[in-house]
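Notes follow the structure.
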Protein chains: 2
Amino acid sequence: MAARPKASRSVRPAKTRGRRRRNGAGAPDRREAILAAALDEFSGRGFAAARLDDVAKRAGVAKGTIYLYFPDKEALFQDLVRSVIGPLIERFEASAEVDLPARLVAERIVDMFVREIYGTRRKDVIRLIIAEGPRFPEIAEFYYREVISRVVAAVRGLLRRAAERGEIPAEALARFPQLLVAPGLVAIVWNGLFDRFEPLDVAALMRAHLDLLFGERRPG
Amino acid sequence: MAARPKASRSVRPAKTRGRRRRNGAGAPDRREAILAAALDEFSGRGFAAARLDDVAKRAGVAKGTIYLYFPDKEALFQDLVRSVIGPLIERFEASAEVDLPARLVAERIVDMFVREIYGTRRKDVIRLIIAEGPRFPEIAEFYYREVISRVVAAVRGLLRRAAERGEIPAEALARFPQLLVAPGLVAIVWNGLFDRFEPLDVAALMRAHLDLLFGERRPG
DNA sequence: AGGTATACTGACTGACCAGTCAGTCACCAT
DNA sequence: ATGGTGACTGACTGGTCAGTCAGTATACCT
């Protein structure tokens, strides 16, 4: 673990078409099972402290099997992040492109965040990225390229259009789209650290945030 | 590392009064040196992956010496967090209690954040807490009790006073003081993950945030 | 000088774990 | 049947590292 050369990327073994099911009827997708188990173990103990023996046990698989699907522990981690985060971005961009009043679009995005990230295991993946990213440049880069830069761009577009229509108080927001998503990040971090001391009502938090940005919500 | 009983707390060995200096004139405070080295190693590699051999080497000390000052690796981590974060809170509370216009107080707090946290190694400690906290309930609890709850209370007081004077747009903020500090957290996370792709001007970010909360800054 | 106390050292131990690989077994094709 | 294929297994290896402790060095006695 001192200085890895590394390069390869994980590949599924030959063909994983329905064939070769061993036990019961349902296709036992090893790859999915391993990824799910890895998410549990990594987010529970952190990358370094997680044991592949435990991942295997949780996935109902022998340790060697993991190495049929992923070249090593680090690649497993990377594929985990990719597989969980990847699919969400396009949907997000679509949401941000709709040409409706900014407040409405923002509300939809917030809903989506609460439902698809905060309400799922995806928030654990984001927490993992925050925690482990600094030590895994490839993860950080993937995440920046595939997620952050696209989110920032989409939000910027949304806000610029809103500013042109005079819907929004400041163009400062368009310079720092981070300000729009900041509470979401805080919620995720809070959830991981302090929820047992003082639970946080995310939906209310996000609503309050929108009120601050766009002014109080009018009842009508 | 599978299930630690643990209980003890670190104690300095007998008396560390000036006595017993070994080399040169200046008192070679082993404890400080070890804590400083631990901060480097922990924040660079994460708690689990950091090696106490490296901490010792960096501190210019043998590994055994660490165990004269700290009962084990975990206690070293806890003392590190305490020693770095602890001293700052009182100063923060003092800043928040001043009875001046809220905007002014907020600006001072932001300055303090940028200078004393973002501009120092303390931001690395906060990153460590975010990353490792979920796995170290004692750390999370200490941090909640000694920092978060006090910051939240102080900010709430500040905002309530401001709201009574009608200086502030929404009482939503007083319900969610998290919204006030969210950008600071985002800045720290961004700094650790994405600064090499897209550096973030923290001072400008925080200024923009204040403008959003209090309305544009009037030149006068 | 000898004696005692104690800060410090670093080689060592025991446990742990990523990654390996010879072997097993279900499922084919002939 | 018989042999071939390849997914899967899990005992094993080699390296790593937290924590230990017998020993050394230094200071301060008397």
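Hydrogens, waters and symmetry mates are skipped; everything else that's a heavy atom, side chains included, is used. Below, read A as the first sequence line, B as the second, and so on, with proteins coming before strands; counting in each chain starts at 1.
Atoms CD (E41(B)) and P (dA18(D)) sit 11 Å apart, rounded to a whole Å. Going from atom CD of E74(A) over to atom P of dC17(C) covers 19 Å, rounded to whole Å. Nucleotide dA7(D) holds its C1' atom 8 Å from the CZ atom of R30(A), rounded to whole Å. Whole-Å rounding puts the L52(A) CG to dG10(D) C1' distance at 14 Å. The separation between D53(B) atom CG and dA11(C) atom P is 10 Å, rounded to whole Å. Distance, L76(A) CG to dC17(C) C1': 15 Å, rounded to whole Å. For the pair F42(B) CZ and dA18(D) C1', the computed distance is 11 Å after rounding to whole Å. Between F70(B) atom CZ and dT20(D) atom P the separation is 16 Å, expressed in whole Å.
The number of heavy-atom neighbours closer than 6.0 Å to CZ of R196(B), taken from other residues, nucleotides and ligands shown, is above 12.
A close approach under 4.0 Å does occur between a side-chain nitrogen or oxygen of K73(A) and OP1 or OP2 of dA18(C). An OP1 or OP2 oxygen of dA18(D) is reached within less than 4.0 angstrom by no side-chain nitrogen or oxygen of R51(B). Taking only side-chain nitrogens and oxygens, Y69(B) never comes nearer than 4.0 Å to OP1 or OP2 of dA7(C).
Considering every non-hydrogen atom in both E116(A) and R122(A), the closest pair reads O-NE, 2.7 Å.
Between G64(A) and G60(B), the one whose closest nucleotide on DNA chain C sits nearer the 5' end is G60(B).
Here the side chain of Y67(B) is nearest to one of dC8(C), dA18(D), dT9(D), namely dA18(D). Proximity note for K63(A) (side chain, C-beta onward) versus dA18(D), dA18(C), dT9(D): the nearest is dA18(C). Closest approach to the T65(B) side chain among dG19(C), dT9(D), dT9(C) is made by dT9(C) (side chain taken as heavy atoms from C-beta onward). Nearest nucleotide to the side chain of A62(A), out of dT9(C), dT9(D), dG19(D): dT9(D).
Sorted by first and then second residue, the pairs that involve residues 145-155 of chain B and meet salt bridge (charged side-chain N to carboxylate O under 4.0 Å, His left out), not counting sequence neighbours, are E93(B)-R150(B), E141(B)-R145(B), E146(B)-R150(B).
A search for side chain to side chain contact (heavy atoms under 4.5 Å, CB included) contacts involving V81(A) returns F77(A), I85(A), V125(A), I129(A), I139(A), F142(A), not counting sequence neighbours.
With salt bridges taken as basic N to acidic carboxylate O contacts below 4.0 Å, one links D124(B) and R127(B).
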